[in-house]
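Heads up, the thing below is written out as structure tokens.
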There are 2 protein chains.
Amino acid sequence: MVKKRSRVTLQQVAEHAGVSRATASKVVRGSSNVSDAAREKVFNSMKELGYIYDRVAANLRSNRSNTIGLIITDIRNPYFSDLLIGIHESLDKEGYTVILGTTFDSVEKQDLLLSTMLEHRVGGILLSPVPGSSPETVERLSQFDIPIVLAARRITTDHQFDYVGIDNVEGAKLAVQHLVAKGHQRIAFIGGPSNSSAWQERTEGYCLALLEAGIPVDEALIKEGPTTRQGGYETIRKVLEQPDPPTAIFCYNDIIALGALTYLDEIGIKPGQHISIVGFDDIQEASMTPPGLSTIAAHPQQIGAYAANLLHQRISGLAGPPQQIILSPDLIVRGTT
Amino acid sequence: MVKKRSRVTLQQVAEHAGVSRATASKVVRGSSNVSDAAREKVFNSMKELGYIYDRVAANLRSNRSNTIGLIITDIRNPYFSDLLIGIHESLDKEGYTVILGTTFDSVEKQDLLLSTMLEHRVGGILLSPVPGSSPETVERLSQFDIPIVLAARRITTDHQFDYVGIDNVEGAKLAVQHLVAKGHQRIAFIGGPSNSSAWQERTEGYCLALLEAGIPVDEALIKEGPTTRQGGYETIRKVLEQPDPPTAIFCYNDIIALGALTYLDEIGIKPGQHISIVGFDDIQEASMTPPGLSTIAAHPQQIGAYAANLLHQRISGLAGPPQQIILSPDLIVRGTT
DNA sequence: GTGAAAGCGCTAACAC
DNA sequence: GTGTTAGCGCTTTCAC
């Protein structure tokens, strides 16, 4: 917090080049109203003096911002790494700089991060909200008319926000329909935070698909649990230990499914033979973990790219009602079903 | 890049509270030289007007910075997610804001990111350099006397830099010694970027341990390859298909080892029985992938925390020669050996 | 304890 | 084309 610095200023560059500050400013911003001679002199002086453009001062003066705030929940989940990659790639191209914050599912942390980002004059915010976020959290942002785009998870509120995500209902239906087609009747849905929009939508899809197949929904087969490998490991154990256990399991996401596979391996049950498992997300490990995890591709990188792109448009002045961009999921069949 | 905003300024707060701008400024910074009455009036006005502190303007004027630049190579690798977590946790506590950049092993991207961060007046930089980074890349930074700390990978150059990492030589020795103790004589070392300091140090440890055990180093058993699951899958195939194949394999990192395990599973070879595998890093999946990957714990989260802490101290004015903080690795024995 | 005035490094009008 | 002037929102002397 206390670093002193002695930068070369544009003033010094201008003096060294024998032009005015205004002309030098035009040169660094690539304006056309400068003679070639002046431009060259300025460039030479910049190089010679080791000039570094001060975006902070420039942004302050011009009342712009080329930074955006990115808030995600769990950087350990490959799903979010991929989301982040998609966002970064898209934003880099447009010349934005990204301030990153991770909430690890803490609402307090999320509020704090949002405030910090406002204080840093971000031009917009890309938020993958903590499950159970109160609408106020994000509604207070709309006062400051700074664009905000939600990714992967919604916030349930009257006031709509721009949102980019996967069709969770459809994804869950695909998974369950696939399991039904394989002949299963007792299909469980395990893991995940029941207060997240994604969980609720997937549960909806799960129930819909069962009803369409004429299979009654058994609440004992819906078991939430921590969204971690360890969580998957334990949740599948619980669901299998109850009387009349399921013969197929649809997991909230791949991380949970992978934990579940570990448990099955331990107790000597072969997925794809004795039991069927389907995950959600299609993270890299899904294809690399024997015998290959059947799953629903959720295209996080694309979601990130779309969300970043939408935010960029909003920052650039795009008006109009909140957009809801919903991508279609794909069923990926591998060895576990 | 074009967002207009109409913030409430400190000026407006001051007027509303009936005090001067200077007094209001003291209040927001928590200075003691303010009467309680004035403080309260200012706080009330702030709340009433919805004031947001402008750190950008404040930093400009006071010539400080509370942002730091963080540059890592591969966000997909859980090792780096953990590094990032350690860094973030440590930096959050000190009130820094983090600007993130990912290079994906592109030297050009790295140079670009470093420039961008300088332009954003970061107070310091935390860099996990791209393998094969030229010393100039980072030496030019020392001109601007902005603190920089390297994490996980060094840059070989005369000018030393602050560095925090694991003892790679020792880690590799632990791995190989373990394999030797298990009775192996033909031990391969596969995967990784041979132009990274980490690879070179691990190779050194590998060779040292073999020599100490009286086993000659066979160059055919050292095979570099992409640092991905897919890379591990292919590199182990190559090394096993050659005449006189190894009976044990030390992998550059866990990602590669996990890819290798996938291949072994496919061809029906049981790790821990027919062949021994050791990884490096001890990422979460190592313990969750049956039969459990033996590995060397590299403590990325701790490294991140130490690096962040050192950078904070440098920013706060800590002088003295470059520090080299080297953590000790631990051998973790699981099912694959 | 409080306020007036100067200025961080830059851009934006507007003359010339 | 180029320079002059004002000022973004804040902090910092330095009087009072």
Side-chain angles (χ1 to χ4, degrees), chain A residues 1-42 45-46 49-67 118-123 144, chain B residues 1-42 45-46 49-67 118-123 144:
Chain A
M1 288 289 284
V2 222
K3 181 66 199 153
K4 296 275 169 186
R5 52 172 71 218
S6 50
R7 284 183 171 245
V8 175
T9 70
L10 197 53
Q11 173 78 281
Q12 294 169 323
V13 170
E15 280 166 12
H16 186 270
V19 300
S20 75
R21 208 152 91 249
T23 304
S25 175
K26 280 186 184 145
V27 172
V28 298
R29 281 177 294 142
S31 165
S32 53
N33 293 335
V34 195
S35 67
D36 289 350
R39 189 189 315 281
E40 192 167 342
K41 277 192 292 184
V42 172
S45 299
M46 280 170 53
L49 300 181
Y51 172 70
I52 295 178
Y53 183 62
D54 191 328
R55 258 174 223 289
V56 169
N59 285 343
L60 174 62
R61 174 59 234 244
S62 61
N63 200 18
R64 285 175 234 261
S65 170
N66 75 131
T67 67
L118 288 177
E119 294 183 355
H120 276 279
R121 302 178 133 256
V122 294
F144 303 115
Chain B
M1 289 286 286
V2 221
K3 180 67 198 155
K4 297 274 171 189
R5 52 172 73 217
S6 49
R7 284 182 173 247
V8 175
T9 71
L10 197 51
Q11 174 77 282
Q12 295 169 327
V13 172
E15 280 166 12
H16 186 270
V19 300
S20 76
R21 207 150 91 249
T23 304
S25 175
K26 278 185 185 146
V27 172
V28 298
R29 282 176 295 141
S31 165
S32 53
N33 293 335
V34 196
S35 67
D36 290 350
R39 190 188 315 280
E40 192 167 342
K41 276 191 294 182
V42 171
S45 299
M46 279 170 54
L49 300 179
Y51 173 70
I52 295 178
Y53 184 62
D54 191 329
R55 260 173 222 288
V56 169
N59 286 343
L60 175 63
R61 175 59 235 246
S62 62
N63 201 19
R64 286 173 234 261
S65 170
N66 74 130
T67 68
L118 288 177
E119 294 182 356
H120 276 279
R121 303 178 133 256
V122 294
F144 304 113

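All chains are named by letter (A, B, ...) in the order of the sequence lines, taking the proteins before the strands, and each is independently numbered beginning at 1. Because only heavy atoms are used, hydrogens play no part in the values below, and waters and symmetry mates are left out as well, while side chains stay in.
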Non-hydrogen side-chain atoms of A/Val56 and B/Asn59 separated by less than 4.5 Å: no
Heavy-atom count check: over 12 atoms from other residues, nucleotides or ligands less than 6.0 Å from A/Gln11 CD? yes
Side-chain contact test, heavy atoms from C-beta onward, threshold under 4.5 Å: evaluate it for B/Gln12 versus B/Thr9 and give yes or no. yes
How long is the line joining CZ of A/Arg55 and C1' of C/dT11, in whole Å? 14 Å
Rounded distance in Å - CZ (B/Arg7) to C1' (D/dC8): 12 Å
In numerical order, the residues of residues 10-21 of chain B whose heavy atoms come under 4.0 Å of DNA chain C are B/Val19, B/Ser20, B/Arg21
Could you tell me the separation between the CD1 atom of B/Ile52 and the C1' atom of D/dG9, rounded to a whole number of Å? 14 Å
Can you check the A/Leu60 CG to C/dA12 P distance for me, whole Å? 12 Å
Knowing that exactly one of A/Val42, A/Val19, A/Val27 qualifies, which makes a side chain to side chain contact (heavy atoms under 4.5 Å, CB included) with A/Val34? A/Val27
Assess the residue pair B/His120 and A/Thr67 against the criterion (side chain to side chain contact (heavy atoms under 4.5 Å, CB included)); give the C-alpha distance rounded to whole Å, side-chain angles, the decisive distance to 0.1 Å, and a yes or no. CA-CA 9 Å; B/His120 276 279; A/Thr67 67; 3.3 Å; yes
Starting at OH of B/Tyr53 and ending at P of D/dC10, how long is that distance when rounded to a whole Å? 8 Å
Just N and O in the side chain of B/Thr23: are any of them under 4.0 Å from OP1 or OP2 of C/dG3? yes
Run the salt bridge (charged side-chain N to carboxylate O under 4.0 Å, His left out) test against A/Glu119 and tell me which residues pass, sequence neighbours left out. B/Arg55
Counting N and O atoms only, with roles assigned by atom type, does the side chain of B/Ser45 sit under 3.5 Å from a partner on the main chain of B/Lys41, one being a donor and the other an acceptor? yes
Smallest separation among heavy atoms of A/Gly50 and B/Phe144, with atom names: O-CE2, 3.8 Å
Length of the CG-P vector between A/Leu118 and D/dG9, whole Å: 16 Å
Suppose we call a contact any N or O donor and acceptor under 3.5 Å apart; does that hold for the side chain of B/Arg61 and the base of C/dG7? yes
Interface residues of residues 25-32 of chain B with DNA chain D (non-hydrogen, below 4.0 angstrom): B/Ser25, B/Arg29
At less than 4.0 Å, is any side-chain N or O atom of A/Ser62 found next to OP1 or OP2 of C/dC10? Yes or no. no
Quick one, A/Asp54 and B/Arg121 - any side-chain contact, counting heavy atoms below 4.5 Å? yes
Between C1' of D/dT12 and CG of B/Asn63, the distance in whole Å: 12 Å
Which part of the nucleic acid does A/Asp54 contact within heavy-atom distance under 4.0 Å: base, sugar-phosphate only, or nothing? sugar-phosphate
Without decimals, in angstroms, what is the distance between A/Arg121 CZ and D/dC8 C1'? 7 Å
Using a cut-off of 4.0 Å on non-hydrogen atoms, how would the nucleic acid contact of B/Ala58 be classed: base, sugar-phosphate, or nothing? sugar-phosphate
